[in-house]
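Working notes, beginning with the structure itself.
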Amino acid sequence: NVPDASTFVRELHLEFLNNSVTSTLLRLIRNALLMVPSLKKLILALSVEDSLSNTGWVLDDFPASLEALETSLACDQSLTRFLEAQPRIETLFLHGFRKRDSNAVFTLSSSVLPRLVCLTVLGSHTHVLRTLIAGRALKVLYISFHREDEETQYTNKLTLVKPIVDSLRC
């Protein structure tokens, strides 16, 4: 028996930052993701509008165990469920676009993502950063400050990352 070629796919880049995706294309993306059980790295980048809509379902029932994920999907319950099922992720890059509802809750137990060592969080609210940092032994951390951040958000982000920065000093 010759194995299916999809079992050899280790890295997949799906980038639609400058294009809107239709529901048909989202279903095709989901079907493609279901067919790559050996995937180790996934980049799934959608436009601002698509990232802020309910598109996280494309990751439901994802069969692979990733080591690296880069996505623009909203930090919501769909992303939480996905991350809870991904214990091997070492590198996480979220270029999350800001939902207008800044009170949207993103929760993630500190036991989730036990191998996470490299975290990049761009354009997300402070509570997302707090959730992702809590209880994790990060070695690399990249964060961004957004022009819409208020001074208190700058201070909160800096306060959150100070212990990590201190622990990385040699």
Side-chain angles (χ1 to χ4, degrees), residues 3-136 138 142-144 146 148:
D4 186 315
S6 64
T7 61
F8 297 105
V9 177
R10 299 288 185 263
E11 194 168 310
L12 184 60
H13 298 234
L14 299 169
E15 299 184 45
F16 300 95
L17 290 169
N18 298 318
N19 304 296
S20 287
V21 294
T22 63
S23 59
T24 301
L25 181 57
L26 286 170
R27 283 192 297 278
L28 288 171
I29 291 170
R30 182 173 188 280
N31 289 342
L33 293 175
L34 292 174
M35 296 173 60
V36 286
S38 301
L39 199 66
K40 298 299 174 204
K41 179 179 181 180
L42 173 63
I43 296 176
L44 178 58
L46 304 177
S47 70
V48 175
E49 294 80 20
D50 293 324
S51 292
L52 295 179
S53 63
N54 296 323
T55 51
W57 59 268
V58 300
L59 298 175
D60 288 351
D61 302 319
F62 186 71
S65 185
L66 295 177
E67 294 171 1
L69 172 66
E70 177 179 334
T71 188
S72 62
L73 293 175
C75 293
D76 59 13
Q77 294 300 328
S78 293
L79 185 60
T80 297
R81 279 192 310 274
F82 177 75
L83 293 175
E84 287 171 344
Q86 294 294 319
R88 298 188 67 217
I89 289 180
E90 297 175 4
T91 302
L92 180 61
F93 186 123
L94 299 177
H95 42 94
F97 299 108
R98 292 168 170 256
K99 283 192 173 186
R100 286 178 179 74
D101 176 12
S102 62
N103 295 322
V105 177
F106 176 66
T107 58
L108 197 64
S109 167
S110 60
S111 64
V112 174
L113 301 173
R115 295 184 179 184
L116 187 66
V117 292
C118 180
L119 174 64
T120 301
V121 181
L122 305 179
S124 292
H125 293 283
T126 305
H127 72 276
V128 171
L129 182 61
R130 180 179 298 112
T131 298
L132 290 166
I133 289 174
R136 293 182 180 82
L138 299 174
Y142 298 98
I143 63 169
S144 69
H146 197 273
E148 293 177 10

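No hydrogens, no waters, no symmetry mates; every other heavy atom, side chains included, goes into these values. FYI, the numbering just counts along the sequence from 1.
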With sequence neighbours excluded, tell me which residues meet side chain to side chain donor-acceptor pair (under 3.5 Å) with [X].
X	answer
Ser78	Arg81
Ser20	none
Thr7	none
Thr107	none

Quiz item: Which pairs pass salt bridge (charged side-chain N to carboxylate O under 4.0 Å, His left out) with one or both residues in residues 18-35, sequence neighbours excluded?
Solution: Arg30-Asp61
Any side-chain heavy atom of [X] within less than 4.5 Å of one from [Y]?
X	Y	answer
Ile29	Thr55	no
Leu59	Thr71	no
Glu84	Leu108	yes
Arg10	Ser38	yes

Contact list for [range], test ring-ring contact (aromatic ring centres under 6.0 Å, His included), sequence neighbours left out:
range	result
residues 30-53	none
residues 19-56	none
residues 5-63	Phe62-Phe82

Quiz item: Within a radius of less than 6.0 Å around CG of Asn18, do more than 12 heavy atoms belonging to other residues, nucleotides or ligands occur?
Solution: no
Please report the interatomic distance [atom1]([X]) to [atom2]([Y]), rounded to the nearest 0.5 Å.
X	Y	atom1	atom2	value
Met35	Leu12	CE	CG	11.5 Å
Gln86	Leu79	CD	CG	10.5 Å
Leu113	Arg115	CG	CZ	11.5 Å
Leu42	Leu66	CG	CG	6.0 Å
Ser72	Leu94	OG	CG	9.5 Å

Locate the shortest heavy-atom distance separating [X] from [Y]; write the atom from each residue and the value.
X	Y	result
Asp50	Asn19	OD2-O, 3.7 Å
Leu34	Asp60	CD2-O, 3.9 Å
Leu132	Val121	CD1-CG2, 3.9 Å
Arg136	Thr131	NH1-O, 3.1 Å
Leu83	Val112	O-CG1, 3.5 Å
Ala134	Ser110	O-CB, 3.5 Å

Practice problem: Kindly determine whether Ser109 and Ser111 satisfy side-chain hydrogen bond (donor to acceptor under 3.5 Å, both in side chains), including the steps that lead there. | Solution: CA-CA 5 Å; Ser109 167; Ser111 64; 2.9 Å; yes
Practice problem: With sequence neighbours excluded, tell me which residues meet salt bridge (Lys or Arg N to Asp or Glu O under 4.0 Å) with Glu67. | Solution: Arg88
Practice problem: Please determine which of Leu46, Val58, Leu14 meets the side-chain contact (heavy atoms from CB on, under 4.5 Å) test together with Val21. | Solution: Leu46
Test side-chain contact (heavy atoms from CB on, under 4.5 Å) applied to [X] - qualifying residues, sequence neighbours left out:
X	answer
Thr22	Thr24, Leu25
Tyr142	Thr120, Val140
Ala68	Lys41, Thr91

